[in-house]
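What follows is one structure encoded as structure tokens, with my remarks underneath.
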Amino acid sequence: MPTSWADSVAAADNAAASGGNNRSAYVPPHLRNRQPSSEPPVLAQGGPSSGNVPSGGNRWGAPRNDYGRSGYSSGGGRGGGWNNRNGGWDRGSGREVNPFGDDEGATDVEPVEQENAGINFDAYEDIPVETSGENVPPPVNTFADIDLGDALNKNIRRCKYVKPTPVQRYAIPISLANRDLMACAQTGSGKTAAFCFPIISGIMTGQFPPRAPHMLRTACPLALILSPTRELSIQIHEEARKFAYQTGVKVVVAYGGAPINQQLRELERGVDILVATPGRLVDLLERARVSLQMIKYLALDEADRMLDMGFEPQIRNIVQQMDMPPPGVRQTMLFSATFPKEIQRLASDFLANYVFLAVGRVGSSTDLIVQRVEYVQETDKRSHLMDLLHAQRANGTHGKQALTLVFVETKKGADSLEYWLCSNGFPATTIHGDRSQQEREQALRSFKSGHTPILVATDVAARGLDIPHVAHVVNFDLPNDIDDYVHRIGRTGRAGKSGLATAFFNENNSSMARSLSELMQEANQEVPAWLARFAARASFGGKNRRGGGRFGGRDFRRDNSYSRGGSDYYGAGNMSSGYGAPSGGNGAPSGGYGAPSGGYGGSYGSGVTSAWD
DNA sequence: GCTAAAA
């Protein structure tokens, strides 16, 4: 049984080797030759957790192995003797709309997009993976290696998922072991399923009190999934409904800009998993129509966005000021393609003894996306865009219309570009925060269907949205943050398919030159000579490319232990508190990142980011 | 300063 990080990697190696994919347990150079031998086995806290990923055989409804749970035994909320929450799980399933729209008495026969399911797994070979934390559960190679239960497995087959994507191979066992998780995985790699499967499975097999009677107007979900935009919440809800079909697990979505009454009615009918945007959730909490006291699972999608300046106070309010159980009692999972260190530091407030997971291609932005940068003066952008669109039209593809997503900086700019495109004969629509929710959803539908194959968008569409057939992402205005660039171009090249991203660059973007050219280099993209000159000239623009550069992110806890006595980037006092110190204080990487609760006292703060900027 | 998120 693995007792350290290094052992877990070894276990992963074996598992991978036996599965025929001997590159997936790639150990990056900076992690090789770490000797775990000086580490005492760290079993006191974690308990005999990681080795016991169930090997199938458990029937649905049979109690799952108690792997990894002992570490949380103090938590309560796990009281035995409750009725199974889903005791009457076939109640109402006759009325449940078939989200697949296929067989089995579907009342909703709208054909479903199957292209998503055709995941190109060849694109996922040879992917570097980094994990850290105590007793990291080993990855699995197939869905059959995990005991998710018959109902969930059936839905996985309905989704045409043949085998788990890399992030799913690693994240699902970690999550099934009831461990907190900070996961970094490239755009379009299947993160939603990675947190939904364990949540649904956990709710099905867990011993939870029955859903409150309909009379009670306060809904008490067991799981909360937060996301930064309404459309992303809608999308997560749609996916989660497929995964939860006929499992008895009820998924409800709540977001702003739409009438609240229908959402209230849905909540009254019972909810196990609530998918929400922060503003509407706060509203529901204030009205006492939702209580978080039963929350067992908390997932933040696009977690770095959720914890940046604009969102952080609201999230802190929801997670820390309401009635949600604390870290260690609930299970918390944070997912994103990007995870800046300063955000990791904030995020660790919400986590207990968590596993850090980074899964991604070298360079973190997938090299399935061909990235181009063109020097275009502000005044020439429109005609240049028109040239691109003309060329694309000339190359006309058969079958599905190729879609082009154009990102701009401002809402007004989006409107005016849309108007200009339309008046020049290009069928375009736009999505941004000044449009009504109806208009936003209509625009997205029209774009997805190919009816309006050009979508002009602000950053509202930058993250998470899974839009099949986006062939081209144009950064008409570059963002001011390289991470936003990564998310934007990630709207193409999804599910292992290729895509093209073109950026318009001029003097106004000089602060991005360095990070952009570094990112492109890491993704094996051709960097134009003029951009390299810009990058060399740029003084301190942009943000430092993350840590080792090989991953979309690195566990900031590692940096703490390795940063030359800990005084170069952070205050020395900060280093040894909370997460910083490995158990021996000798910089050994394995184990010992433990016991986060307390110990922080807000000791990080002002001075921390300055080293980067 | 921009974007997002409750009316």
Side-chain angles (χ1 to χ4, degrees), chain A residues 224-237 253-264 267 274-290 300-319 321-322 336 338 340 343 378 381 405-418 430-441 443-444 455-465 473 475-491 503-504 508-512 541-543 613:
Chain A
L224 176 64
I225 301 172
L226 291 173
S227 97
T229 66
R230 298 163 182 173
E231 288 75 15
L232 184 52
S233 281
I234 293 169
Q235 176 183 302
I236 294 168
H237 173 245
V253 66
Y255 56 91
I260 199 170
N261 283 328
Q262 192 180 340
Q263 293 172 10
L264 289 173
L267 288 167
L274 177 59
V275 184
T277 48
R280 178 54 60 91
L281 176 62
V282 169
D283 189 353
L284 293 167
L285 290 166
E286 283 169 354
R287 297 177 189 221
R289 298 301 294 263
V290 168
L300 302 191
D301 200 7
E302 310 297 342
D304 57 334
R305 184 83 171 94
M306 303 300 280
L307 295 171
D308 80 4
M309 273 200 330
F311 274 118
E312 194 237 3
Q314 252 184 321
I315 301 302
R316 221 173 255 286
N317 179 30
I318 292 167
V319 176
Q321 312 294 320
M322 301 293 181
S336 183
T338 53
I343 305 286
E378 214 60 47
K381 280 183 173 178
L405 181 50
V406 183
F407 281 105
V408 297
E409 187 66 18
T410 66
K411 295 176 277 202
K412 282 175 71 175
D415 278 336
S416 90
L417 183 57
E418 179 219 14
T430 181
I431 185 167
H432 60 69
D434 275 354
R435 303 200 79 191
S436 75
Q437 191 53 32
Q438 271 197 337
E439 290 171 325
R440 286 166 58 160
E441 289 174 37
L444 202 51
L455 180 65
V456 182
T458 61
D459 270 329
V460 70
R463 284 171 174 264
L465 297 186
V473 170
N475 273 291
F476 189 89
D477 302 319
L478 271 166
N480 296 312
D481 185 326
I482 191 65
D483 287 340
D484 291 335
Y485 173 85
V486 169
H487 286 275
R488 285 179 176 189
I489 69 172
R491 293 320 96 212
F504 296 173
N508 299 337
N509 312 115
S510 48
S511 70
M512 290 288 293
K543 65 160 71 170
D613 306 330

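Numbered from 1 within each chain, the chains take letters A, B, ... in sequence-line order.
- Listed pair A:R435 / B:dT3 fails the phosphate criterion, with no side-chain N or O lying under 4.0 Å from OP1 or OP2.
- In this entry the distance linking CZ of A:F407 with C1' of B:dA4 reads 13 Å, nearest Å.
- Rounded to whole Å, the distance from CD on A:E312 to P on B:dT3 is 21 Å.
- For A:H432, the side-chain atoms get nearest to B:dA4 when compared with the rest of B:dA6, B:dA4, B:dG1.
- If you measure from atom CD of A:E302 to atom P of B:dT3, you get 19 Å, rounded to the nearest angstrom.
- Among the heavy atoms of the strands, none lies under 4.0 Å from A:R488.
- Taking 3.5 Å as the limit, the base of B:dT3 and the side chain of A:R305 contain a donor-acceptor pair of atoms between them.
- A:D459 has its CG atom 11 Å from the P atom of B:dA5, to the nearest Å.
- With hydrogens and angles ignored, the 3.5 Å screen pairs a side-chain donor or acceptor of A:R491 with a backbone N or O of A:H487.
- The distance from atom CG of A:L226 to atom C1' of B:dA6 is 15 Å, rounded to the nearest whole Å.
- Distance A:D308 CG to B:dC2 C1': 12 Å, rounded to the nearest Å.
- Under 4.0 Å is where a charged nitrogen must lie from a carboxylate oxygen, and between A:R488 and A:D459 at least one such pair does.
- At whole-Å resolution of the value, CG in A:D483 and P in B:dC2 are 21 Å apart.
- Counting only N and O atoms by type, the side chains of A:E441 and A:Q437 include a donor and acceptor under 3.5 Å apart.
- A residue-by-residue look at A:T410 and A:G256 shows that A:T410 has its nearest nucleotide of DNA chain B further toward the 5' end.
- The separation between A:N475 atom CG and B:dT3 atom P is 16 Å, rounded to whole Å.
- A:K412 has no side-chain polar atom (N or O) that falls below the 4.0 Å cut-off from OP1 or OP2 of B:dC2.
- For A:T458, a side-chain nitrogen or oxygen approaches OP1 or OP2 of B:dA4 to under 4.0 Å.
- Within 4.0 Å (heavy atoms only), A:G433 reaches sugar-phosphate atoms of the nucleic acid but no base atom.
- Salt-bridge formation is detected for the pair A:R287/A:D283: a Lys NZ or Arg NE/NH1/NH2 atom is positioned less than 4.0 Å from an Asp or Glu carboxylate oxygen.
- Using a 4.0 Å heavy-atom distance criterion, A:V282 is classed as a base contact.
- Contact check on A:D308 versus A:R305 returns a salt bridge, with a Lys/Arg side-chain nitrogen under 4.0 Å from an Asp/Glu carboxylate oxygen.
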